[in-house]
Protein chains: 2
Amino acid sequence: MFEVFKAYVRRQTTISDEELAILESHAKFKKLRKKQYLLQEGDVCRYHCFIASGLMRTYSVDGKGNEHIIRFATKDWWISDRESLLFGVPSKFNIDAIEESELILFDKDEMKVAMETVPVFGQLVTDILNKSFVINQNRIHEVISSTAEEKYQNFVKRYPDFALRVPQAMIASYLGITPETLSRLRNPKPKK
Amino acid sequence: MFEVFKAYVRRQTTISDEELAILESHAKFKKLRKKQYLLQEGDVCRYHCFIASGLMRTYSVDGKGNEHIIRFATKDWWISDRESLLFGVPSKFNIDAIEESELILFDKDEMKVAMETVPVFGQLVTDILNKSFVINQNRIHEVISSTAEEKYQNFVKRYPDFALRVPQAMIASYLGITPETLSRLRNPKPKK
DNA sequence: CCTTTCGATTGACATTTGTCAATTTTTTTC
DNA sequence: GAAAAAAATTGACAAATGTCAATCGAAAGG
């Protein structure tokens with residue numbers, strides 16, 4: 001399973017086998033069945049998690065029991081609750097597996113060590129953070145400036161893979177609309 | 001003006017006068033009158049900008065001429081278009097001064113040098129990035145899960161200062177609602 | 001001090017989106 | 001392959017938000 005991670009790092013940067021071995025020495029492995037939690041609301045997040053295979057989501061549950069998905073993540077992506085991880089506070093979110101998934105976990109402190117002992121890896125992680133920031137910024141822009149239909153179109157364009165693998169109700173949740181509204185967008189009334 | 005920056009850095013970290021002098025050697029200074037641009041759509045962003053005083057905003061203008069404000073920023077905050085800065089692409093956004101402002105600019109490349117020669121500063125900047133990520137994540141969560149009224153209440157609670165200094169129409173734009181809707185939230189119909 | 005401008009409010013109405021319940025369709029399980 | 005469960009669709013209606021135009025009020029400039 002670590003091979004996926006190796007290939008990922010090699011694709012992004014120039015790294016020696018020795019350095020990869022160092023990273024591996026800090027890694028833990030985990031498999032999750034469908035619907036199993038990686039993190040539950042109230043827990044403190046301790047790991048940076050790399051997804052070797054599968055499909056995950058991060059979401060909250062509000063007072064009325066409605067789920068709000070803030071993120072999907074799949075192979076070669078990282079997932080965690082950065083707020084909880086960074087500040088050691090209980091998480092507001094749940095993270096669970098939409099599909100059976102294989103994960104590589106790096107403990108917070110070990111991650112720090114790994115980033116310092118293998119600088120190219122440290123740089124890679126910082127680059128990811130920068131890119132994630134930009135992605136979030138763009139999502140904020142979209143969500144305050146687009147109609148429900150535009151949001152859906154953009155989602156399909158940006159994440160065609162998710163559009164196929166994720167149940168519609170979850171996509172609606174991610175977009176901040178109801179499943180019914182999404183269904184109606186997709187099946188417009190018989191054209192006049 | 002650099003004194004504001006010094007105080008800011010000293011508050012967040014332990015740094016010597018020599019190191020601060022190094023940072024100063026990389027800094028440029030800029031004053032903006034009300035409504036002046038720091039960055040215009042289509043430009044490539046070249047600077048990390050620290051706000052020594054004043055109030056700025058980042059926004060886009062859509063096809064219908066509507067403005068969408070993605071961020072306000074004031075004293076002791078950083079502002080730039082990270083996407084443009086990072087990837088050297090033309091910016092989708094405008095940045096301008098809501099109030100007369102004083103800025104300290106760090107050229108992209110010089111910033112890199114500064115972060116490397118003064119590691120505590122590098123760490124500070126990375127910490128800011130992490131926090132910004134978390135703030136954006138929380139904003140995404142809020143915007144997909146809250147009503148217009150809740151968004152406004154949260155805005156006032158989180159940024160009481162902005163709520164006073166920024167024209168209402170701009171707050172509405174930031175929240176992704178129309179000025180009329182915001183006005184109605186604030187002035188509910190005669191009770192009952 | 002007067003006039004002009006900009007921001008905020010309000011009304012009337014249109015449009016979008018949500019809610020709830022009932023089906024229908026698809027997927028899963030045995 | 002039949003039964004059960006989950007997901008998606010649809011209808012009728014309600015609530016939230018947007019649009020456009022008019023008005024009001026404050027403050028900015030001469």
Side-chain angles (χ1 to χ4, degrees), chain A residues 33-36 54-55 57 59-69 72 96-100 142-156 161-192, chain B residues 33-36 55 57 59-69 72 96-100 142-156 162-192:
Chain A
R33 298 264 176 71
K34 241 181 163 176
K35 306 209 174 176
Q36 275 193 302
L55 181 56
R57 65 172 177 157
Y59 64 101
S60 73
V61 181
D62 69 19
K64 292 181 205 120
N66 294 317
E67 295 179 353
H68 304 284
I69 298 178
F72 298 112
D96 70 14
I98 298 178
E99 298 173 2
E100 178 167 325
E142 176 182 289
V143 82
I144 66 170
S145 65
S146 310
T147 64
E149 172 145 30
E150 288 165 342
K151 287 177 211 170
Y152 177 66
Q153 304 290 6
N154 291 338
F155 179 84
V156 173
D161 185 38
F162 293 160
L164 296 174
R165 291 162 77 187
V166 174
Q168 250 175 237
M170 287 192 188
I171 296 177
S173 167
Y174 178 92
L175 299 176
I177 61 180
T178 60
E180 292 93 336
T181 296
L182 179 53
S183 173
R184 291 188 171 105
L185 292 180
R186 290 165 40 89
N187 307 294
K189 267 297 180 52
K191 37 170 59 182
K192 218 253 285 1
Chain B
R33 297 264 176 71
K34 243 181 161 175
K35 304 208 175 176
Q36 274 193 301
L55 182 55
R57 64 171 177 158
Y59 64 101
S60 74
V61 181
D62 69 21
K64 291 181 206 120
N66 294 318
E67 296 179 352
H68 303 283
I69 298 179
F72 299 112
D96 70 13
I98 298 177
E99 299 173 2
E100 177 168 326
E142 177 181 289
V143 82
I144 65 170
S145 65
S146 310
T147 64
E149 173 145 29
E150 288 166 341
K151 288 177 211 170
Y152 176 66
Q153 304 290 6
N154 290 339
F155 179 84
V156 173
F162 293 160
L164 296 174
R165 290 160 78 186
V166 174
Q168 250 176 238
M170 287 192 188
I171 297 176
S173 167
Y174 178 91
L175 299 176
I177 62 180
T178 60
E180 291 94 338
T181 296
L182 179 53
S183 173
R184 291 187 171 108
L185 291 181
R186 289 166 40 89
N187 307 293
K189 267 297 180 50
K191 37 175 57 189
K192 224 258 279 9

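Keep in mind it's a predicted model, so treat the numbers as computed, not measured. Order of the sequence lines sets the chain letters (A, B, ...), proteins ahead of strands, with each chain counted from 1.
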Report summary line: Here the distance between atom P of D:dA7 and atom CE of A:M170, to the nearest Å, is 7 Å

Report task. Could you tell me whether a side-chain N or O of A:N66 sits under 3.5 Å from a main-chain N or O of A:D62, the two making a donor and an acceptor? Result -> no

Query raised in the report: Which is true for A:I177 with a 4.0 Å heavy-atom rule: it touches a base, it touches only sugar-phosphate, or it touches nothing?
Result: sugar-phosphate

Query - Residue pair B:M170 / B:F72, side-chain heavy-atom distance below 4.5 Å - result: yes

Query raised in the report: Is any side-chain nitrogen or oxygen of B:T178 closer than 4.0 Å to OP1 or OP2 of D:dT17?
Result: no

Query raised in the report: For D:dA8, does either OP1 or OP2 sit under 4.0 Å from a side-chain N or O belonging to A:S183?
Result: no

Query raised in the report: Are any of the side-chain nitrogens in A:R165 or A:E99 under 4.0 Å away from the carboxylate oxygens of its partner?
Result: yes

**Report entry** Given C:dT19, C:dG7, D:dA8, the nucleotide with the shortest approach to the side chain of B:P167
**Finding:** C:dG7

Report summary line: Rounded to whole Å, the CZ-P distance (B:R165 to D:dA27) equals 17 Å

Query - Pair B:E67 + B:R57, salt bridge at N-O below 4.0 Å - result: yes

Report task. In whole angstrom, give the distance that lies between atom CD of B:E149 and atom P of D:dA15. Result -> 16 Å

Report summary line: Between CG of A:L185 and P of D:dT10 the distance, given in whole Å, is 13 Å

Query raised in the report: Which one, D:dC20, C:dT17, D:dT17, comes nearest to the side chain of B:E180?
Result: D:dC20

**Report entry** Selected nucleotide, minimal atom distance to A:Q168 side chain, candidates D:dT17, D:dT19, D:dT9
**Finding:** D:dT9

Query raised in the report: Can you tell if the side chain of A:L185 reaches within under 4.5 Å of the side chain of A:I177, non-hydrogen atoms only?
Result: yes

**Report entry** Value in whole Å for how far the P atom of C:dT27 lies from NZ of A:K34
**Finding:** 11 Å

Report task. Please report, rounded to the nearest Å, how far the C1' atom of C:dG7 is from the NZ atom of B:K35. Result -> 11 Å

Query raised in the report: With no angle test and no hydrogens, is the base of D:dT19 tied to the side chain of B:R184 by a donor-acceptor pair under 3.5 Å?
Result: yes

**Report entry** Length of the line joining B:N187:CG and C:dA8:P, which is rounded to integer Å
**Finding:** 11 Å

Query raised in the report: In whole angstroms, how far is the P atom of D:dA7 from the CG atom of A:L182?
Result: 14 Å

